[in-house]
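I have placed the structure first, in the form of C-alpha cells, so that the comments after it can refer back to it.
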Amino acid sequence: MNVPVWQPYFPYNALLCRYDEIGTKGKNRFAFEKRLWSELRRRLAALGEFSLIQERGRIFLVSKNPDAHFSPEDLLRLRREAPLIPGLASLSPGFMLEPELPAIESCVLTHFPALHAAFRRHHGDSPCTYAMRCRRSDKGFPMSSQEIEIYFAGKLCRQFPDMSIDLRQAKLQVGLEIRQNLAFVFFERISGAGGLPTGISGNVLALLSGGFDSPVACYQMMRRGCQLNYITFHSSPYTPPATLTKVADLARRLNTLQNPGRLLAVNLLPAQKAIRDLCSSRFRTLLYRRMMLRIASRAAAKLGDKALVTGDNLGQVASQTLENLAVIEEASSLMLIRPLVCADKWQTMKTAEEIGTWQLSSQDVPDSCTVFAPPDPATRTYLSKIKQEEEALDIELLLRQCLQDSCFIDPLDYSETPAELL
Ligand code: ATP
Ligand code: MG
C-alpha cells in the first residue's frame with residue numbers, strides 16, 4: 001500500500017505511525033516509544049502540534065487543532081520525511097473519527113469515489129481491484145473485522161461494478177482501525193526507515209570526510225538507534241577552507257536526521273609532516289589513518305562516545321584491503337564500526353541520494369588524505385612492519401599537537417569554538 005503517484009489529495013486530520021522492531025523489546029518498550037515519539041514530533045514540527053495516542057505497536061498523532069487538516073504541501077513533506085525516520089516502520093495519514101459505523105461509512109463513501117476516479121484517470125481501462133483491511137481492538141464494536149470488510153465490499157462493489165476484490169494485491173486499498181475511543185480510515189501507507197529510533201542505542205563518534213561513504217555510514221548508525229557526533233581531519237593550510245565547509249554542510253544535513261550532533265575539526269598536519277619526513281612513503285596513508293583513529297579515540301572519550309564509525313568498505317580503495325583494515329583498526333582504543341564494509345558502491349550512492357548527501361559529497365574539494373599522498377601506496381602490510389615505521393615517531397607528542405589544533409564547528413554558520421580536548 002505504498003503511495004501511488006496518482007493518489008488524490010484528501011484533507012486528512014491525523015497520522016497513524018507503525019513501528020515493528022521496537023514493539024518487541026519487552027520492558028524497554030516505553031523508552032523506545034518515547035524516543036520515537038519525540039523524534040516524530042521534531043521531524044514533523046512543520047505540520048503543526050499533535051497530541052499522541054499510544055497503542056501497542058502504533059502511535060496515533062492527532063492535530064491539537066480540531067479543525068486542522070493537512071495541506072497538499074504537508075502531505076508532500078510527509079512522504080519525503082517518513083522514509084528517513086529511523087524506528088518508523090510505516091506511516092499513514094488518514095481520518096480520525098468516532099468509533100461508530102455511521103461515521104466510518106460516511107467517511108469511506110465520501111472519499112472512495114475520488115480514489116476510484118483518480119485510478120481510472122491514471123490507469124485507463126486496466127482492471128480495478130479493491131480490498132479493505134480492518135483491525136479491531138475494541139471487541140465491544142457490534143461487528144467483527146470480517147463482517148465490516150464484507151459490509152463495505154458489498155456496498156462499494158455495487159457502486160463501482162468495474163471493481164473486483166483482490167485481497168492480496170488490490171490497487172485500491174482501504175485501511176480501517178477501530179479502537180475503543182477512535183476509528184481511523186486511511187488509503188495510503190508510506191514506508192519509514194525501519195530500524196530503531198535514534199538515540200536509543202547510545203552515542204558514537206563518526207569519522208566524517210567529504211566523500212560519499214562516511215555520511216551514509218552515519219545514517220546507517222542512526223538507523224540502528226545511535227546518536228552521532230562527528231570528527232573530521234583537515235591539513236590546513238595544505239587543504240583549503242572549503243574542505244571544512246563541505247564537511248560542515250554534510251554534518252548539517254545529517255543533523256536534520258537526528259538530534260544535532262557536534263562536529264569536531266582536527267588539523268592532522270603536524271602528524272602528516274612527521275610521517276612524511278620520518279617514515280617510508282608507501283605506508284603514509286595507513287599511518288595517517290592510524291593517527292586519525294588514535295585522535296578520534298581520545299576525542300570520543302572526552303565527548304562520551306562509545307565507539308568509532310567509518311565509511312570503510314572492503315576492497316574499494318588501496319587502503320581498504322583486509323590486511324590494511326586490520327592494521328588500521330589496531331590503533332583504535334575503542335570499538336570500530338564499519339557499517340558499509342560489505343555494501344556495494346551503487347547501494348551507497350543510492351542511499352546518499354535518498355538522505356540528501358550525494359549532491360554535497362559530489363563537490364570536488366581536496367581531502368586531508370591526499371596531502372603528501374604517495375605515488376606507491378602499500379596495498380598489503382603487516383602490523384609488525386607498521387609498528388617498526390612508527391618507532392620513528394613521537395606519537396604522544398604528535399597526538400597532543402593535533403588535539404591542540406582542534407575546534408568545534410557549528411554546521412549552521414561555520415563558526416569555530418576551540419575544543420579543549422587535552
Ligand atoms: P569516504 O567516501 O567516506 O571519504 P572513501 O571511500 O573515500 O570514504 P577513504 O578515503 O579511504 O574511503 O576513507 C575511509 C574512511 O576513513 C572514511 O569513510 C572516513 O570514515 C574516514 N576518513 C577518511 N578521511 C577522513 C577525513 N579527512 N576526516 C575524517 N574521516 C576520514
Ligand atoms: Mg575519502
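When a ligand or atom number is given, it counts from 1 through the structure's own listing order.
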Show the atoms of ligand 1 that are less than 4.0 angstrom away from any heavy atom in [X].
X: Cys369; value: 24 (N)
X: Phe212; value: 2 (O)
X: Gly211; value: 1 (P), 2 (O), 4 (O)
X: Thr232; value: 28 (N), 29 (C)
X: Asp312; value: 14 (C), 15 (C), 18 (O)

Listed partners of Ile165 passing side chain to side chain contact (heavy atoms under 4.5 Å, CB included), at least two apart:
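Ile165 satisfies side chain to side chain contact (heavy atoms under 4.5 Å, CB included) with Tyr130, Ala153, Cys157, Leu167 only.
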Does the N or O separation between [X] and ligand 1 drop below 3.5 Å for any pair?
X: Met292; result: no
X: Ile231; result: no
X: Lys345; result: no
X: Thr310; result: no

Using modelled atom types only, decide if a donor and an acceptor are shared between the side chain of Tyr288 and the backbone of Val371 within a distance under 3.5 Å.
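Checking the backbone N and O of Val371 against the side chain of Tyr288, a donor-acceptor pair under 3.5 Å is found.
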Could you tell me how the ring of Phe212 sits relative to the ring of Trp358: parallel (under 30°), tilted (30 to 60°) or perpendicular (over 60°)?
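It falls in the tilted class, 30° to 60°.
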Residues in ring-ring contact (aromatic ring centres under 6.0 Å, His included) contact with Phe50, at least two apart in sequence or another chain
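Applying ring-ring contact (aromatic ring centres under 6.0 Å, His included) to Phe50 gives none.
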For atom 18 (O) of ligand 1, which of Ala296, Ala352, Gly311 has the closest heavy atom?
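Checking each option, the heavy atom nearest atom 18 (O) of ligand 1 is found in Gly311.
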